[in-house]
Amino acid sequence: MSLSIGIVGLPNVGKSTLFNALTNNNILAANYPFATIEPNTGSVPIPDDRLHKLAEIYQSKKIIPATVTFVDIAGLVAGASKGEGLGNQFLANIRSCNAIAHVVRAFDDSNVTHVDEQSASPERDIDTINTELVLADIETVEKRKPKLEKEVTANKNLQPFLETITKIHKLLDENTPLHAATDSFNPEEIEWITKELQLITIKPVIYVFNVGEQTLTNRQKMDELQKLVAPSQAIFVCAKLEHELQSLDEADRIELLQSYGVKESGLVQLIHAAYDTLKLQSYLTAGEKETRAWTIRQGATAPEAAGVIHTDFQRGFIAAQVVDYNDLIVAGSESAAKNAGKVRTEGKDYVMQPNDVVEFRFNT
């Protein structure tokens with residue numbers, strides 16, 4: 001299961017600078033709109049200290065972390081849904097992502113041009129982007145709804161979907177992004193909205209406030225910004241600081257972050273927020289060949305987790321040998337963990353836990 005996050009926002013809010021810092025790439029970051037002409041993609045290993053400790057125990061030849069893919073999408077402007085700026089071609093790039101990281105300018109710098117030549121206003125800028133995404137979804141719905149109305153006359157089983165799309169249309173007309181109204185839909189409706197309609201605003205949004213260094217130590221200011229987007233998740237990063245971190249070794253990186261009262265880099269914060277927002281977790285496999293992390297949804301059963309490795313593993317699932325990571329580390333080896341009674345065999349109904357180290361048994 002891959003995790004992809006689309007980075008959106010107005011031009012000149014720090015999207016490309018943040019993307020470069022997150023992915024350690026060196027794409028063009030320029031002080032004018034539309035510096036990003038094609039969506040830039042970077043795949044980043046998810047930091048996980050557990051992998052190195054397991055690799056030592058199993059003497060693994062390779063370590064393979066889970067990954068997250070970031071897609072840096074060109075700056076949207078008012079009217080993007082109607083083709084303004086670089087228009088709909090970039091809205092299409094968002095549809096393939098699992099979640100949206102909405103970068104919001106919350107720093108003051110007279111040397112960085114604001115797209116509408118006004119002073120930066122996080123609330124106004126958030127509304128601008130949200131409106132464009134809502135308008136893009138309205139266009140999709142208005143194209144699909146008449147076709148669905150005709151289909152219902154021939155197939156009454158489609159009536160529930162017509163009722164759903166009518167409900168969607170009403171919410172969007174009220175300028176309500178669908179991710180803010182998920183309680184209005186059942187799981188089947190959400191799946192249809194996501195897969196069949198491919199509506200953008202149903203995607204979870206994590207707000208990334210690009211702040212000045214002084215704001216990182218200003219809890220009151222951060223609380224004010226958080227309230228603008230509640231109940232959505234918000235993280236606070238200084239893109240310039242994140243860029244500086246890339247040139248430092250681990251010890252200096254930690255020291256610099258701590259000097260601002262920050263415990264984790266922007267990359268780690270965003271990954272944690274994405275896992276939480278999307279209700280994901282990871283489990284581990286380990287052996288002489290490799291130690292690896294796998295991303296699954298929270299609540300996944302053992303066969304479903306096995307299917308992430310290979311579909312044959314899910315079809316032919318027999319059992320899972322499971323040990324908690326912490327128990328394994330304390331024991332010092334798999335054999336010692338077995339002797340201590342910490343290794344157990346689980347069946348098809350077992351619900352995976354975040355610290356599970358697993359070996360699947362299957363019949364192909």
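Only heavy atoms go into these numbers, but all of them, side chains included; no hydrogens, no water, no symmetry mates. Position 1 is the first residue of the sequence, and the numbers go up from there.
Between K227 and D223, none of the side-chain N atoms (NZ, or NE/NH1/NH2) sits under 4.0 Å from a carboxylate O, so this pair counts as no salt bridge. Ionic pairing of R344 and E346 is present here: one or more N-O contacts between side-chain nitrogen and carboxylate oxygen are shorter than 4.0 angstrom. Residues K170 and E174 are paired through a salt bridge, judged by an N-O separation under 4.0 Å between the basic side chain and the carboxylate.
Using a 4.5 Å heavy-atom threshold, the side chains of D48 and P65 count as separate.
Of the possible polar contacts, one joining the S333 side chain to the A336 backbone as a donor-acceptor pair under 3.5 Å is found. With hydrogens and angles disregarded, no donor-acceptor distance shorter than 3.5 Å links the side chain of T194 to the backbone of E191. In this structure, the side chain of S60 does not engage the main chain of E56 through any donor-acceptor pair within 3.5 Å. No donor-acceptor pair under 3.5 Å is formed between the side chain of D356 and the backbone N or O of V358. At distances below 3.5 Å, at least one donor-acceptor pair connects side-chain atoms of T201 with backbone N or O atoms of L178. The closest donor-acceptor contact from the side chain of Q246 to the backbone of A21 lies under 3.5 Å. The backbone N or O of S232 lies less than 3.5 Å from a partner atom in the side chain of Q226, making a donor-acceptor pair. Without hydrogens or angle criteria, T277 side chain to A274 main chain gives no donor-acceptor distance under 3.5 Å. Checked by atom type and distance alone, the side chain of Q314 never pairs as donor or acceptor with a backbone atom of A306 at under 3.5 Å. Proximity of a side-chain donor or acceptor of R95 to a complementary backbone N or O of Q198 within less than 3.5 Å is detected.
Scanning all heavy atoms of the two residues, the minimum distance from L10 to I129 falls at N-CD1, 3.8 Å. The shortest heavy-atom contact between I202 and L199 is CG2-O, 3.1 Å. The shortest heavy-atom contact between Q298 and L280 is NE2-O, 3.3 Å. Annotation for T345 and A319: closest pair CG2-CB, 3.8 Å, computed over non-hydrogen atoms. Across all non-hydrogen atoms, the minimal contact from K203 to N98 is CB-O, 4.3 Å. Minimum heavy-atom separation, V68 to I46: N-CG1, 4.0 Å.
When the shell of 6.0 Å around NZ of K53 is examined, it contains 12 or fewer heavy atoms from other residues, nucleotides or ligands. For D249, the CG atom counts as densely surrounded, since its 6.0 Å shell holds more than 12 non-hydrogen atoms of other residues, nucleotides or ligands.
Rounding to the nearest 0.5 Å gives a distance of 4.0 Å between OG1 of T131 and CG of N175. Between the CD1 atom in I138 and the NZ atom in K145 there is a gap of 11.5 Å [rounded to 0.5 Å]. Atom OG1 of T17 and atom CG of L22 lie 10.5 Å apart (nearest 0.5 Å). Rounding to the nearest 0.5 Å gives a distance of 6.0 Å between CD of E213 and CG of L241. Taking CD1 of I100 as the reference point, atom CD1 of I206 lies at 10.0 Å (rounded to 0.5 Å). Rounding to the nearest 0.5 Å gives a distance of 5.5 Å between CG of L172 and CG of D137.
With sequence neighbours excluded, no residue satisfies ring-ring contact (aromatic ring centres under 6.0 Å, His included) with Y350. Checked against ring-ring contact (aromatic ring centres under 6.0 Å, His included), Y58 has no partners two or more places apart in sequence or in another chain. Remark: F209 pairs with F236 by the ring-ring contact (aromatic ring centres under 6.0 Å, His included) rule, at least two apart or across chains.
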- Task: Take T295 and Y275 through the side chain to side chain donor-acceptor pair (under 3.5 Å) test and state the conclusion after the steps.
- Result: CA-CA 9 Å; T295 300; Y275 265 58; 2.7 Å; yes

- Item | V237 vs V211, side chain to side chain contact (heavy atoms under 4.5 Å, CB included): CA-CA, chis, key distance, verdict | CA-CA 6 Å; V237 301; V211 300; over 6 Å; no

- Item | From CA spacing to verdict: side chain to side chain donor-acceptor pair (under 3.5 Å), S247, R253 | CA-CA 9 Å; S247 63; R253 190 179 297 129; over 6 Å; no

- With side chain to side chain donor-acceptor pair (under 3.5 Å) as the test, would you mind laying out the steps for E334 and Q321 before giving the verdict? CA-CA 11 Å; E334 186 177 306; Q321 178 181 284; 3.2 Å; yes

- Verify side chain to side chain contact (heavy atoms under 4.5 Å, CB included) between L267 and V44, making sure each step is shown before the conclusion. CA-CA 9 Å; L267 172 63; V44 182; 3.8 Å; yes

- Message: Test side chain to side chain contact (heavy atoms under 4.5 Å, CB included) on T164 and E188; report intermediate values, then the result.
- Response: CA-CA 10 Å; T164 298; E188 291 77 15; over 6 Å; no

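Within the structure, every pair that satisfies the salt bridge (charged side-chain N to carboxylate O under 4.0 Å, His left out) test and touches residues 303-313, not counting sequence neighbours, is listed here: R297-E304, D312-R315. Counting only residues at least two apart or in different chains, salt bridge (charged side-chain N to carboxylate O under 4.0 Å, His left out) contacts with residues 262-290 comprise E290-R292. Listed by first and then second residue, the ring pair (Phe, Tyr, Trp, His ring centres under 6.0 Å) pairs that reach into residues 295-343 are F313-F362, sequence neighbours excluded.
When each of E196, E139, E151, E149 is checked for a salt bridge (charged side-chain N to carboxylate O under 4.0 Å, His left out) with R144, only E151 meets the rule.
Taking the six-membered ring where the residue is Trp, W294 and Y283 present parallel rings, their angle staying beneath 30° rather than reaching 60°.
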